[in-house]
Amino acid sequence: MTITDPDQIPATPIYTITVSSNGVAAVNGEEVTEPGLDANEARVRALAEVRIKAAFHGRPVRVLAKEADGAAWPLIVDVNGDVMTLDRPHPTPPAPVPAQAPPAAPSSPAAAEPVVTLAPQEAPQRAAVGTQTRTAQQPAAPDAGRATAAVPPEWAAPLPPQYASVWAELVAHEKAGRLVEAIVAAAQLETALAGAFGPLAPPTVNVMTTRAAFTVRRVEETEDWAETMELLVQTAQRRREAGAPEDETQRVISNAHAAWIRLAVEDPEYARETAEPVLVLLGDHPENKRRAQAVIRVLERGAAA
C-alpha cells in the first residue's frame, strides 16, 4: 500500500459510498451504477468514481463505504486506485470558521499583492511532476500520495534559465488556484520547449505531463471527459515514446483509464471508439489487469445492448 500517513490527509471532504441490495452504488447520494450488479462490482465502480475525485484534489481522499446491512468502513482512496481500510473512524471535521469582513482594499492598485507570499521568483525551474510534495517549487500532479522510484537526472533537471520566468508564472497560477491560467501557461511553455528541444525532450514531456495533471483537476467542473481522456492518452504515449520514467507514466495511464470509465457513462459511443488506445496503454502490467477487465466489461455490455 502506497498511501501516505492517513493522519496527514485532511478531514474533509468525506465521500460516502452506498451499495443497495439491488446492486446500485451511489457516491454522496448520486447513483453511479445501474441496478443488477453484484455488490463487489458496484463497489469497485463507486471507488473508481471516488478515485477521479481524488485526482481533482491532487491527493488521497477519505471515504465512508456503507453496506446494505448497515455496516460502514472508513477508507482512504488514492489517485492511483490504492485503497486503505482504516482501523478507526475518520476524524471529526473541524467546525467552520466564522465569516469575517474582508480586509480593506489596499491603496495600491497592484492586484498581485495578495499572492506575494507565493514567492514564485524563488521557485527552481523544475518541470518534473513525479514527486509528492506540493510546494511553490513543484506544481502538484494528480498522483499525490504514491511513492515513486528515483527519477533519472535528465528527467529531474531544471529548465534552462530562459524559461524560469514562465515556469514561475505557471507555479504562481497553480498555487493561487487559477488552473485555467496555469493550463494556458503550461501549453505555451510546452510549445516553446518543443520548438527549442523537440517534442520528446524531457523538459517538453514533463511540462506536457504537468498540463495533463492540471486538466484532470478541472475535469469535474468542465465535464470535458473526452478531451481530458485524449490528453492523458497522448501524454502517456508521448512519455513511452520518449522513454520517460515508467512510474509516472503508469499514473498517467491510470488517470486515462479513470477518465475513460466516466466517458463511458457520459458518451458510450465515443468511449467504444476510443477504447483501443486505452487498452493498449494498460497492456499486461499487473497493476492494470483489473482496469483492463473493467474496460472490456463495459465494451461487452455495450455490445449486448
Side-chain angles (χ1 to χ4, degrees), residues 1-4 15 17 19 23 25 27 32-34 36-55 60-61 63 65 73 75-85 130 141-149 209 212-213 216 219 225 228-241 243-266 268 270-305:
M1 188 65 64
T2 56
I3 294 174
T4 53
Y15 294 99
I17 292 176
V19 179
V27 177
V32 295
T33 67
E34 298 294 330
L37 297 178
D38 64 69
N40 286 335
E41 185 174 5
R43 191 178 303 106
V44 167
R45 293 279 295 276
L47 287 171
E49 291 291 326
V50 173
R51 178 171 168 266
I52 296 175
K53 296 181 184 299
V61 295
V63 176
W73 306 94
L75 310 173
I76 300 293
V77 176
D78 203 348
V79 176
N80 59 19
D82 287 346
V83 178
M84 173 186 290
T85 302
D143 50 44
R146 178 172 178 169
T148 59
T209 306
V216 166
V219 69
W225 297 104
T228 301
M229 183 273 298
E230 290 170 355
L231 174 58
L232 288 164
V233 167
Q234 293 166 6
T235 302
Q237 291 171 337
R238 181 81 60 83
R239 292 184 63 84
R240 283 275 174 83
E241 187 177 358
E246 184 65 14
D247 192 59
E248 178 66 31
T249 301
Q250 283 297 322
R251 284 188 283 270
V252 176
I253 292 171
S254 171
N255 281 328
H257 166 264
W260 185 91
I261 290 293
R262 183 61 179 265
L263 176 63
V265 175
E266 304 292 338
Y270 190 64
R272 287 193 293 272
E273 295 175 4
T274 55
E276 183 176 356
V278 175
L279 285 170
V280 170
L281 286 172
L282 291 172
D284 57 359
H285 195 283
E287 290 188 6
N288 292 334
K289 182 178 180 180
R290 176 178 57 81
R291 299 179 181 117
Q293 290 172 340
V295 172
I296 292 171
R297 283 197 301 269
V298 171
L299 294 175
E300 289 175 343
R301 282 198 295 269

**Request:** Could you tell me whether the side chain of Thr228 and the main chain of Trp225 form a donor-acceptor pair under 3.5 Å?
**Result:** no
**Prompt:** What closest approach, in Å, do Ala212 and Leu231 show between heavy atoms, and which atom pair accounts for it?
**Reply:** CA-CD2, 3.7 Å
**Asked** Nearest heavy-atom pair of Leu75 and Ala65: which atoms, and what distance?
**Response** CD1-CB, 3.8 Å
**Prompt:** Any donor and acceptor pair, going by atom type alone, linking the side chain of Asp38 with main-chain N or O of Glu41 inside 3.5 Å?
**Reply:** yes
**Message:** Give me the atom names and distance for the closest heavy-atom approach of Ala275 to Val295.
**Reply:** CB-CG1, 4.3 Å
**Item:** Contact summary for Thr33 and Gly23, nearest pair of heavy atoms
**Value:** OG1-O, 3.3 Å
**Message:** If the threshold is 4.0 Å, N to carboxylate O, is there a salt bridge linking Arg45 and Glu49?
**Reply:** no
**Message:** Show the nearest heavy-atom pair for residues Ile76 and Pro60, with the distance to one decimal.
**Reply:** CG2-CB, 3.7 Å
**Item:** Close side-chain approach of Trp73 and Val63, heavy atoms under 4.5 Å
**Value:** no
**Item:** Test item: Asp78 and Met84 side chains (from C-beta on) under 4.5 Å apart, heavy atoms
**Value:** no
**Asked** Within the side chain of Thr249, is there an N or O that forms a donor-acceptor pair under 3.5 Å with the backbone of Arg240?
**Response** no
**Complete:** For Ala294, the side chain to side chain contact (heavy atoms under 4.5 Å, CB included) test, sequence neighbours excluded, returns His257, Ile261, Arg297
**Asked** Strictly by modelled atom types, are Thr209 and Arg239 linked by a side-chain donor-acceptor pair under 3.5 Å?
**Response** yes
**Message:** For a 4.5 angstrom cut-off between non-hydrogen side-chain atoms, does Arg291 reach Ile253?
**Reply:** no
**Request:** Check whether any side-chain heavy atom of Gln293 lies under 4.5 Å from a side-chain heavy atom of Ile296, and answer yes or no.
**Result:** no
**Asked** Do the side-chain N and O atoms of Glu241 and Gln237 include a donor-acceptor pair separated by under 3.5 angstrom?
**Response** no
**Prompt:** Under a 4.5 Å cut-off applied to non-hydrogen side-chain atoms, are Leu232 and Val216 in contact?
**Reply:** yes
**Message:** Please report the interatomic distance CD1(Ile17) to CG(Leu47), rounded to the nearest 0.5 Å.
**Reply:** 4.0 Å
**Request:** Please list, chain by chain and in numerical order, all residues satisfying salt bridge (Lys or Arg N to Asp or Glu O under 4.0 Å) with Glu276, sequence neighbours excluded.
**Result:** none
**Message:** To check you understand the geometry: which heavy-atom pair defines the closest contact between Ala42 and Val19, and what is its length?
**Reply:** CB-CG1, 4.1 Å
